[in-house]
Amino acid sequence: NRDYAALNLSGDNYLQWALDTKISLRSKGLGDTITKDNNENDKNRYRAISFIRHHLIEGLRDQYMTIENPLELWNALQHRYDHQKTVLLPKARDDWKNLRFLDFKSVDEYNSALFKTVSMLRLCGEEVTEEELLEKTYTTFHASNMILQQQYRVKGFATYTDLISCLLLAEVNNELLIKNSEAIPVGTAALLEAH
């Protein structure tokens, strides 16, 4: 059993794999084994190399079979696959550029797509600020919602999380209003309570 997906031969999952591996090694007290000029003992080095090799696809494991130092293996894999940043970054930037709030049916769908794109940008070394997240959301409202967009701007949200929480709440309340109006048509009197 693996803790996360193994690094595949093409390396298209390298960035996620490298992050997962660093986190896992640190959680096991083995994070220093992949840092330069470390003084780790052999026991920890072998535990780390075993863990890293366990999270490589079989073909990769075979190619690096003779490496017994986790730092050497880490550097070899980094040298081989770190170019993934330059391959994935243009697509992530394009996804960011074309991401629009108005293209999604729900706030949750937009939020999910936004964080997927932002995570990829951050894995590639790009920084995305709170201001950029807020501005991306405000400027991609549907044209018919410009007044709503201005109202949200006036509220002065400091974080994207605050804005999205407010949008989620507004979405839920709006759905409730729509369901209520469908259940009881406008202009009809409320039903009297039966005793």
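Heads up: numbering here begins at 1 and tracks the sequence. Computed from a prediction, not measured in an experiment: that's the story for all the values here.
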Quick one: closest heavy-atom pair of Leu15 and Lys85, and the distance? CD2-CG, 3.6 Å
Atom of Leu19, atom of Leu123 and distance for their closest heavy-atom approach: CD2-CD2, 3.9 Å
Take a 6.0 Å sphere around CZ of Arg122 and say whether it holds more than 12 heavy atoms from other residues, nucleotides or ligands. yes
Is any side-chain heavy atom of Asp3 closer than 4.5 Å to a side-chain heavy atom of His55? yes
Residues Ser10, Asp12; criterion side chain to side chain donor-acceptor pair (under 3.5 Å); working and verdict: CA-CA 6 Å; Ser10 70; Asp12 61 357; 3.2 Å; yes
Can you name the nearest heavy-atom pair linking Cys166 to Lys155, along with the distance? SG-NZ, 3.8 Å
Under 4.5 Å between side-chain heavy atoms, counting indirect links through other Ile/Leu/Val/Met/Phe/Trp/Tyr residues: same cluster for Leu169 and Leu133 or not? no
Shared hydrophobic cluster for Val172 and Leu148 (ILVMFWY, side-chain gaps under 4.5 Å): no
Between the NE2 atom in His83 and the CG atom in Leu88, the distance rounded to the nearest 0.5 Å is 8.5 Å
Does the side chain of Gln63 come within less than 4.5 Å of Leu9's, by heavy atoms? yes
How far does CD1 of Ile49 sit from CD of Glu72, to the nearest 0.5 angstrom? 8.0 Å
Leu71, Leu56: one ILVMFWY side-chain cluster at the under-4.5 Å cut-off? no
One should read off an interatomic distance between Leu134 CG and Thr159 OG1, to the nearest 0.5 angstrom, of 7.0 Å
For the pair Ser112 (side chain) and Asp108 (backbone), establish whether a donor and an acceptor sit closer than 3.5 Å, ignoring hydrogens and angles. no
Compute whether any side-chain donor of one residue and acceptor of the other, for Asp162 and Ser165, lie under 3.5 angstrom apart. no
Under 4.5 Å between side-chain heavy atoms, counting indirect links through other Ile/Leu/Val/Met/Phe/Trp/Tyr residues: same cluster for Leu102 and Trp96 or not? no
Considering all heavy atoms of both residues, which atom of Thr33 and which atom of Ala48 are nearest to each other, and what is their separation? OG1-CB, 3.2 Å
Ignoring hydrogens and geometry, is there a side-chain-to-backbone donor-acceptor pair from Arg2 to His54 under 3.5 Å? yes
Does a side-chain N-to-carboxylate-O contact under 4.0 Å join Glu68 and Arg45? no
Provide the closest heavy-atom pair for Ala6 versus Asn13 in the form atom of the first, atom of the second, distance. O-ND2, 2.8 Å
Taking atom types as modelled and ignoring hydrogens, do the side chains of Thr137 and Tyr152 form a donor-acceptor contact shorter than 3.5 angstrom? no
Should the pair Phe141 and Phe101 be assigned to parallel (<30°), tilted (30 to 60°) or perpendicular (>60°) ring geometry? parallel
So do the side chains of Ile57 and Arg61 get within less than 4.5 Å of each other, counting heavy atoms only? no
Heavy-atom pair of closest approach, residues Arg47 and Lys28: NH2-O, 3.5 Å
How long is the straight-line distance from CG of Leu73 back to CD1 of Ile34, given to the nearest 0.5 Å? 10.0 Å
Measuring from atom CG of Asn44 to atom CG of Asn39, what distance do you get when rounded to the nearest 0.5 angstrom? 12.0 Å
Any heavy-atom pair between the side chains of Gln151 and Met146 that's under 4.5 Å? no
Are the aromatic ring centres of Phe51 and Tyr46 under 6.0 angstrom apart? no
Do Asp103 and Arg100 meet the salt-bridge criterion of a basic N to acidic O distance under 4.0 Å? yes
Are Leu168 and Leu99 connected, step by step, through hydrophobic side chains (Ile, Leu, Val, Met, Phe, Trp, Tyr) whose heavy atoms are closer than 4.5 Å? yes
Determine whether a donor-acceptor pair (N or O, by modelled atom type, separation under 3.5 Å) exists between the side chain of Asn38 and the backbone of Asp32. yes
Does the side chain of Met120 come within less than 4.5 Å of Lys91's, by heavy atoms? no
Please determine which of Tyr64, Trp17, Tyr14 meets the ring-ring contact (aromatic ring centres under 6.0 Å, His included) test together with Trp74. Trp17
With a 4.5 Å heavy-atom cut-off, do Asn111 and Tyr160 have their side chains touching? yes
Nearest-0.5 Å distance that lies between atom CG in Leu7 and atom CZ in Arg53: 13.0 Å
